[in-house]
Amino acid sequence: MESVTSFFWNEGAKTSELTNTSSKRSSIGSDTIQTSSPMKDGKIHKGDNSRSAGSANGASSNPLSSSGLQKAMTETLIEKIIKMALSPSSEMAVDNIENRMAAAKDRPSLSVQIMSRNFILMNSRLSLPFTVINEIIRIFDWKNPAYTISMIFLYTYIVLKPIPTVTAIPIFYLLFGVMVPEYLYIHKPNYSPLLKANPVPAQGPPLRKAEVPKPVPELSQEFVLNLTDLQNHLLIYVRIYDCIHSILVKFAFFVNEPISAFIYVLLLLFAIINIFTIESIIKFVPVKEILLVVGWSFAIIMHPKNREQVFTGIYSEETRLKLLTLTNKCESAIEKQLNYTEPREHRMVAIYEIQKFKRKEKGWVTIGYSSDDYTLFSDLRIKELKIEDNCIPLLEDVKAPISWDWIDNTTWALDLDPTEWLERGFIEYVDVDHDTKWVYDLNLDGTKGNYRRRMWTNVCIRKIEFDTEEEGKTSQKTDVNETIGNSKSLAVTRGSLSGSSDEPRPGMKTMASTSSLNSAISTSDSSHSVKPDASKAVTSLVTALNSP
């Protein structure tokens with residue numbers, strides 16, 4: 001029972017009080033449930049905040065009710081099932097998910113009750129954002145041309161005098177958009193058919209009680225309107241996200257590597273030039289004029305007489321074909337100039353054959369093959385670990401490093417120059433037999449030790465982790481004998497066998513074996529944007545933003 005409860009609750013959680021599940025994460029350790037006479041006095045004690053469940057003396061202790069316990073267990077069980085059953089969307093998202101889970105560790109877990117409550121609280125306060133969105137739609141909808149032109153002139157003044165207007169507009173809005181209407185409300189003006197605008201407020205004391213804005217209640221028209229606007233205006237975010245994604249997917253995720261490489265170089269050059277020259281160039285760029293042209297052009301395009309014609313032209317098949325033809329020509333030119341296929345990565349792997357001198361057999365007996373050379377000052381010797389526990393019995397059983405494959409028709413080759421890896425690793429107290437290529441231990445007193453080793457090498461190739469028909473075109477055949485002959489120029493990577501993670505000595509190229517080279521290829525699926533239909537050319541900006 002203890003193991004079951006510790007599974008359903010947060011791992012390792014040991015708490016002395018039952019937290020409120022509507023505001024905090026339910027966290028009860030397996031040792032918090034009392035098992036010795038829990039109902040002897042009609043109470044279940046839970047720390048200082050526990051309350052009597054069956055006593056009539058009104059003591060300040062909380063009952064661990066069955067409904068609260070069942071609710072907490074249900075929420076935690078759902079969270080556990082989701083964590084086990086649902087996998088990350090991609091390998092690149094794993095790190096982000098781990099960071100988000102670590103950040104959310106002290107927050108409430110997934111709960112329908114909490115989500116519903118927070119949604120109601122948020123929706124009751126969304127009147128102002130939706131009012132702003134409706135005002136923007138009203139401006140560019142041209143239903144009131146005088147109002148639209150006035151707002152465009154205000155935009156023009158903001159562009160021409162940005163600092164004074166940006167700092168003054170919020171103050172003027174607070175004065176004439178909030179305080180003046182509130183003053184006119186409490187000092188109710190007398191009705192006059194001649195003064196429909198700018199009425200004269202009543203003199204004397206306030207005639208009404210001041211109303212402070214509050215979150216709208218659930219049973220109100222504003223709450224329903226907020227729900228409706230939230231439902232419809234969510235498409236604004238969806239369209240903006242899809243638009244940005246459709247642009248970035250063409251070059252930012254290396255779906256087409258030559259195109260992405262070309263764009264990367266261009267953006268890098270632009271960023272470097274921008275750092276050193278933007279302050280000088282910006283003086284000659286007519287920024288204000290550009291903003292004015294863009295703003296007025298957008299307002300004119302949004303006019304009902306122009307909007308449908310512009311949208312029809314943008315969403316037409318002819319425009320799509322012209323744009324597709326242009327982009328295909330650019331991509332073909334870039335691929336023609338960057339017609340370079342990088343060969344697949346090759347790497348040399350080294351393993352040590354370890355032998356021990358047996359006095360009973362009066363000869364050398366092979367112990368196995370290890371990524372550690374097991375010399376006098378090797379990692380295993382320093383940690384006093386047995387070499388027998390860190391070896392593979394047969395050379396044929398040595399597997400390629402993770403994310404690598406052995407090259408076909410290659411076999412292990414004996415290293416014919418043991419002096420090289422000895423000098424490279426600054427290995428001392430050894431004796432080299434240049435005829436048999438064995439490297440013997442030398443004790444500190446100069447006598448020969450009980451172990452000897454020699455190095456075997458093989459060549460592996462980087463594994464492609466996705467199936468593609470063009471794999472043969474993108475990879476070039478490599479002469480294995482030439483690769484082994486030029487082993488000095490190859491990067492040698494060292495790993496660990498049997499789960500060991502020993503670090504290499506400074507100055508020595510590292511070797512790879514069964515559990516090394518934890519590198520992988522991350523791929524991204526290409527997604528294509530769907531061409532909008534010509535019927536999306538609408539006559540109202542509201543439907544243009546919110547059409548499904």
Side-chain angles (χ1 to χ4, degrees), residues 88-96 238-287 290-291 293-294 297 313-347 403-405 461-478 483 489-491 517-532:
S89 58
S90 63
E91 293 184 5
M92 297 182 66
V94 173
D95 294 336
N96 185 33
V238 172
R239 286 174 177 266
I240 294 174
Y241 178 90
D242 290 344
C243 179
I244 297 175
H245 180 269
S246 63
I247 296 173
L248 293 180
V249 77
K250 298 179 186 297
F251 66 88
F253 303 106
F254 286 87
V255 177
N256 189 337
E257 195 165 352
I259 303 298
S260 298
F262 177 76
I263 299 297
Y264 178 87
V265 174
L266 284 184
L267 293 177
L268 181 61
L269 291 176
F270 177 79
I272 295 175
I273 295 173
N274 179 75
I275 292 175
F276 296 103
T277 62
I278 189 61
E279 294 182 352
S280 302
I281 295 176
I282 199 65
K283 299 177 181 179
F284 304 98
V285 177
V287 178
I290 293 174
L291 292 177
V293 171
V294 171
S297 300
I314 293 175
Y315 294 140
S316 64
E317 184 69 16
E318 183 180 357
T319 303
R320 190 186 72 86
L321 291 177
K322 288 182 179 180
L323 184 61
L324 186 61
T325 302
L326 180 61
T327 55
N328 287 340
K329 287 182 179 179
C330 295
E331 291 179 1
S332 300
I334 294 173
E335 291 178 353
K336 183 178 180 180
Q337 296 297 327
L338 300 178
N339 188 16
Y340 170 72
T341 302
E342 188 177 1
R344 290 175 63 181
E345 186 179 0
H346 293 71
R347 185 162 295 183
S403 300
W404 295 75
D405 282 330
I461 190 170
R462 198 63 180 264
K463 183 188 298 184
I464 295 180
E465 298 183 0
F466 64 96
D467 297 331
T468 175
E469 297 177 356
E470 299 180 355
E471 181 179 350
K473 299 180 182 179
T474 58
S475 61
Q476 296 180 352
K477 294 183 179 180
T478 305
T483 304
S489 62
L490 292 175
L517 278 173
N518 296 319
S519 52
I521 299 176
S522 299
T523 59
S524 58
D525 299 331
S526 60
S527 58
H528 305 281
S529 57
V530 180
K531 180 186 73 64

Where at least one partner belongs to residues 269-286, residue pairs that pass side-chain hydrogen bond (donor to acceptor under 3.5 Å, both in side chains), sequence neighbours excluded: none
Is there a side-chain contact between Leu266 and Phe251, using heavy atoms and a 4.5 Å cut-off? no
CD on Glu257 to CD on Glu335, rounded to 0.5 Å: 11.5 Å
Output for pair (Lys336 NZ, Glu331 CD), nearest 0.5 Å, gives 15.5 Å
SG on Cys243 to CG on Leu248, rounded to 0.5 Å: 9.5 Å
Is there a side-chain contact between Ile273 and Phe276, using heavy atoms and a 4.5 Å cut-off? no
Is any side-chain heavy atom of Ile290 closer than 4.5 Å to a side-chain heavy atom of Val285? yes
Point-to-point distance, once rounded to the nearest 0.5 Å, from OG1 of Thr327 to NZ of Lys322: 14.0 Å
Pairwise distance CG(Leu321) to CG(Asn328) - rounded to 0.5 angstrom: 10.5 Å
Can you see which heavy atom on Arg344 is nearest to which on Lys463, and at what distance? NH2-CA, 4.0 Å
Distance check, rounded to the nearest 0.5 Å: Ser260 atom OG versus Ile334 atom CD1? 10.0 Å
Can you sort out the partners of Glu345 under salt bridge (charged side-chain N to carboxylate O under 4.0 Å, His left out), two or more places apart, ordered by chain and number? Arg347, Arg462
Test your reading of the model: is there a side-chain donor-acceptor pair from Thr319 to the backbone of Tyr315, 3.5 Å cut-off? no
